[in-house]
Amino acid sequence: DVKVTQSSRYLVKRTGEKVFLECVQDMDHENMFWYRQDPGLGLRLIYFSYDVKMKEKGDIPEGYSVSREKKERFSLILESASTNQTSMYLCASSLFGQGALETQYFGPGTRLLVL
Amino acid sequence: GDSVTQMEGPVTLSEEAFLTINCTYTATGYPSLFWYVQYPGEGLQLLLKATKADDKGSNKGFEATYRKETTSFHLEKGSVQVSDSAVYFCALSDPGSGTYKYIFGTGTRLKVLA
């Protein structure tokens with residue numbers, strides 16, 4: 001069965017802290033994605049990766065960085081958390097190709113609160 | 001650029017009512033279209049998809065037809081159940097854009113009352 005797991009379901013951090021969100025997929029997928037989900041805005045792409053050590057900026061990369069050292073793991077890093085980064089963060093993966101025919105598989109999400 | 005517009009929610013229906021959630025898109029190429037569903041406390045999961053004009057995607061009693069002439073992909077179900085209460089997202093992926101990106105709509109919350 002397809003599985004994408006995220007390290008935490010809920011996280012509370014202080015302003016200025018460095019925050020790591022981890023995502024692991026067990027499907028040998030090439031592509032991995034980080035989104036944030038906010039009411040009224042839907043899903044917005046932060047970063048994606050189409051191969052190990054490869055990354056590309058999405059629509060809202062400011063304030064975030066990512067790391068993909070192994071194929072199955074894609075980390076999202078908030079270098080200095082701010083209150084406007086309070087959100088639901090969703091990780092997804094897909095098999096290969098340019099995504100047109102590829103289903104994205106999502107993790108359960110991490111709800112981050114920055115105080 | 002590419003975009004997806006879906007109807008504002010929330011949509012509240014009684015059990016066994018007919019459901020339509022509207023979705024229209026703009027794209028430069030020939031996109032594939034998707035409906036994803038997010039149940040409370042969970043991530044998104046694929047509900048159905050269509051990859052070319054006039055294709056009909058269907059799953060769990062839901063269906064949507066890819067209409068190129070009206071640039072639409074409306075989601076329908078003949079008889080909703082309480083268990084269908086969730087947030088529904090329309091999305092597209094456009095290979096002509098040269099990226100791996102999906103474009104998601106803002107989501108429509110459905111609440112079904114017993």
Side-chain angles (χ1 to χ4, degrees), chain A residues 1-6 8-10 21 23-25 29-51 54-61 68 74 88-111, chain B residues 1-10 21 23-25 27-53 55 57 59 66 73 86-109:
Chain A
D1 212 10
V2 160
K3 202 156 179 83
V4 178
T5 55
Q6 296 183 226
S8 305
R9 292 300 298 271
Y10 301 95
L21 302 182
C23 174
V24 177
Q25 50 95 1
H29 283 174
E30 306 290 336
N31 304 324
M32 295 188 76
F33 308 82
W34 275 107
Y35 296 90
R36 63 177 282 176
Q37 181 182 7
D38 299 289
L41 297 177
L43 274 72
R44 293 180 292 167
L45 183 65
I46 304 171
Y47 267 97
F48 64 101
S49 168
Y50 52 90
D51 201 352
M54 305 302 286
K55 60 186 179 186
E56 285 203 22
K57 293 180 180 179
D59 299 314
I60 51 163
R68 192 159 180 210
F74 191 37
M88 169 74 94
Y89 290 89
L90 293 168
C91 175
S93 71
S94 68
L95 184 55
F96 56 76
Q98 291 202 355
L101 302 179
E102 298 304 327
T103 299
Q104 290 199 1
Y105 295 89
F106 283 82
T110 296
R111 191 169 291 281
Chain B
D2 295 355
S3 66
V4 173
T5 303
Q6 56 182 113
M7 62 190 288
E8 294 275 335
I21 300 178
C23 172
T24 57
Y25 68 90
T28 52
Y30 300 93
S32 293
L33 302 172
F34 306 82
W35 277 102
Y36 279 80
V37 59
Q38 185 179 33
Y39 297 106
E42 298 182 14
L44 279 70
Q45 56 186 272
L46 179 69
L47 182 59
L48 53 85
K49 68 180 181 183
T51 58
K52 61 183 188 297
D55 267 3
N59 186 25
Y66 188 148
F73 193 55
V87 181
Y88 292 82
F89 291 90
C90 186
L92 71 80
S93 180
D94 182 1
S97 68
T99 77
Y100 300 85
K101 288 167 54 173
Y102 270 39
I103 306 296
F104 284 88
T106 54
T108 302
R109 182 175 298 277

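Naming convention: chains lettered A, B, ... in sequence-line order (proteins, then strands); numbering from 1 in each chain. Computed from a predicted model, the values in this text were never measured in an experiment.
At a 4.5 Å heavy-atom cutoff, B:Glu8 makes no contact with chain A through either its backbone or its side chain. For A:Gln37, the part sitting under 4.5 Å from any heavy atom of chain B is the side chain, from C-beta outward, and nothing else. With a 4.5 angstrom heavy-atom cutoff, A:Arg44 does not touch chain B via any of its atoms. Contacts of A:Leu43 with chain B are made by both backbone and side-chain atoms, with heavy-atom separations under 4.5 Å.
Two residues are said to be in side-chain contact when any heavy atoms from C-beta on lie closer than 4.5 Å; A:Tyr35 and B:Tyr102 meet this criterion.
Once rounded to the nearest 0.5 Å, the distance linking CD of A:Gln104 with CZ of B:Phe104 reads 5.5 Å.
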Kindly indicate, with the supporting measurements, whether the criterion side-chain contact (heavy atoms from CB on, under 4.5 Å) is fulfilled by B:Tyr36 and A:Phe106.
CA-CA 10 Å; B:Tyr36 279 80; A:Phe106 283 82; 3.8 Å; yes
